[in-house]
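Side chains are part of it too, since the values below use all heavy atoms of this structure and drop only hydrogens, waters and symmetry mates. From a predicted model like this one, the values you see are computed outputs, not experimental measurements.
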Protein chains: 2
Amino acid sequence: MMSSASSAEQLRDRLRSRGLRWTPQRRTLLVVLEAAQGHVTGAELVERCRAIDPATTPSTVYRTLDVLEDLGIVQHGHGADGREEFHVRPEQEHGHLHCAACGGTWEIDEREATTIVNSFREERGFEVDLSHVTVVGLCRECSSAGNQQPGSSA
Amino acid sequence: MMSSASSAEQLRDRLRSRGLRWTPQRRTLLVVLEAAQGHVTGAELVERCRAIDPATTPSTVYRTLDVLEDLGIVQHGHGADGREEFHVRPEQEHGHLHCAACGGTWEIDEREATTIVNSFREERGFEVDLSHVTVVGLCRECSSAGNQQPGSSA
DNA sequence: GGCCTTGTTGCAACCCGTGGCAATAAAGTA
DNA sequence: TACTTTATTGCCACGGGTTGCAACAAGGCC
């Protein structure tokens, strides 16, 4: 009860200290984000904001998300279909695995990604942003069931 | 000179043998694809088709691309911004590395991807579709220059 | 050649997301 | 409190991409 009030206050203060502003629209989005778990698409967030305040405008939501990403409160990536996907208050950076056949998704945590991250760092000097990674393919069940990627071959 | 004619004929026959049709619109797209190198976005392909036939419609192009993907003639993935990107007649499956700071992109070939592909296969039984992978992060130059991802922190 | 089946096209409407711009309203200051 | 600055909003129009649907036409068949 107190924690949610203080989380709003915390955000408000962080915004103000940067010369940014605390507005009703941002408050709404924060409420939505606090209720959200895991991954949400931008469109879903807009919809949920509209449930609270029907006057919500998409552009405002997306612009606020940009701000919140600067503050590290959300991170965005792109799902298998290229749509934006937001991770709420990521406790740990993680990527995603997406099965093209059944549509399932799994998280790739830092431990599992170590090999990948290190190999790019060593071979290329490239620093991977894990939160932005979505690996598409076939999960165990689907690949052993001989499923194809949808639309593959006839 | 003969090869391009025969490539059209080959495609035409493959389409017909599946009960699909060889149309002027598909011919146009094939011409465009043959002239294209490497990666092209969907919008670029539409534009190039329009250069040949101004009556070209986006939906037709995208639908034809779907068909060609079934035939393995193109493969699509999503760039760092989530937009569609097509690889023309991929000689080798490959993924992409994209630097968030300078915008550069590099290919990840099968050799380099072996570790990744194998580790997902062994740990998860997951078959990675390399052509669909785009890894975002910072390249050697940008990360050593201390560049940030655009829009990161203030 | 004409006919028929059905794959394709083009249109129109839609979805997700972005960007310019004028009007609004936070919030620091007096 | 009133004033001022300027970050933010809402609106509108756009760009990329998808989809339902009626009209069209490829191409197999006689």
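Taken from CD in B:Gln75 to CZ in B:Phe86, the straight-line distance is 11.0 Å, to the nearest 0.5 Å.
We find that CG of B:Leu20 is positioned 10 Å from P of C:dT9, with the value rounded to whole Å. Following rounding to the nearest Å, A:Arg14 (CZ) and C:dA26 (P) show an atom-to-atom distance of 22 Å. As rounded to whole Å, 16 Å separates atom C1' of D:dG28 from atom CG of B:Leu15. One atom, CZ of A:Arg50, and another, C1' of D:dT9, lie 14 Å apart when rounded to the nearest Å. As rounded to whole Å, 8 Å separates atom P of D:dG27 from atom CZ of B:Arg12. The distance from atom CG of A:Asp13 to atom P of C:dG28 is 10 Å, rounded to the nearest whole Å. The CZ atom of B:Arg26 sits 12 Å away from the P atom of D:dA26 (whole-angstrom rounding). The CG-C1' distance, from A:Asp53 to D:dT8, rounds to 15 Å in whole Å.
Between the side chains of A:Ser7 and A:Glu34, a donor-acceptor pair is found at a separation under 3.5 Å. B:His87 and B:His76 form no side-chain donor-acceptor contact under 3.5 Å, judged by distance and modelled atom types alone.
Using a distance-only test at 3.5 Å, with no hydrogens or angles considered, a donor-acceptor pair links the side chain of B:Arg14 to the main chain of B:Leu71. Judged by distance alone, with hydrogens and angles left aside, the side-chain atoms of B:His78 form a donor-acceptor pair with the main-chain N or O of A:Ala80 at under 3.5 Å.
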Pairs under 3.5 Å (N/O, protein and nucleotides 2-6 of chain C):
from  : atom 1 : to      : atom 2 : distance (Å)
C:dT6 : O2     : B:Arg21 : NH1    : 3.0
C:dT6 : O2     : B:Arg21 : NH2    : 3.1

Name the atoms and distances for all side-chain donor-acceptor pairs under 3.5 Å in residues 40-51 of chain A, with sequence neighbours left out.
from    : atom 1 : to      : atom 2 : distance (Å)
A:Thr41 : OG1    : A:Glu44 : N      : 3.2
A:Glu44 : OE1    : A:Thr41 : N      : 3.1
A:Arg50 : NH1    : A:Thr56 : O      : 2.7

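The phosphate of C:dG10 (OP1 or OP2) has a side-chain N or O of B:Gln25 nearer than 4.0 angstrom. Taking 4.0 angstrom as the limit, B:Thr60 places none of its side-chain polar atoms (N or O) nearer than this to OP1 or OP2 of C:dT8. Between B:Arg16 and D:dA26 there is no side-chain N or O to OP1 or OP2 distance below 4.0 Å.
The side-chain heavy atoms of A:Phe126 and B:Leu138, taken from C-beta on, include no pair separated by under 4.5 Å.
Scanning DNA chain C for stems, defined as runs of 3 or more consecutive Watson-Crick or G-U wobble pairs whose donor-acceptor distances all fall under 3.5 Å, gives the following ranges: C:1-30 with D:1-30.
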**Item:** Per-nucleotide protein contact string for nucleotides 12-23 of chain C (B base, S sugar-phosphate only, - none; heavy atom under 4.0 Å)
**Value:** ----SSBBB---
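Applying the side chain to side chain donor-acceptor pair (under 3.5 Å) test to A:Asp53 and every residue at least two apart in sequence or in another chain returns nothing. Scanning for salt bridge (charged side-chain N to carboxylate O under 4.0 Å, His left out) contacts around B:Glu112 gives A:Arg124, with sequence neighbours left out.
Scanning all heavy atoms of the two residues, the minimum distance from A:Glu85 to A:Gly79 falls at OE2-CA, 4.0 Å.
With respect to the salt-bridge test (charged N to carboxylate O, under 4.0 angstrom), the residues A:Glu123 and B:Arg111 qualify.
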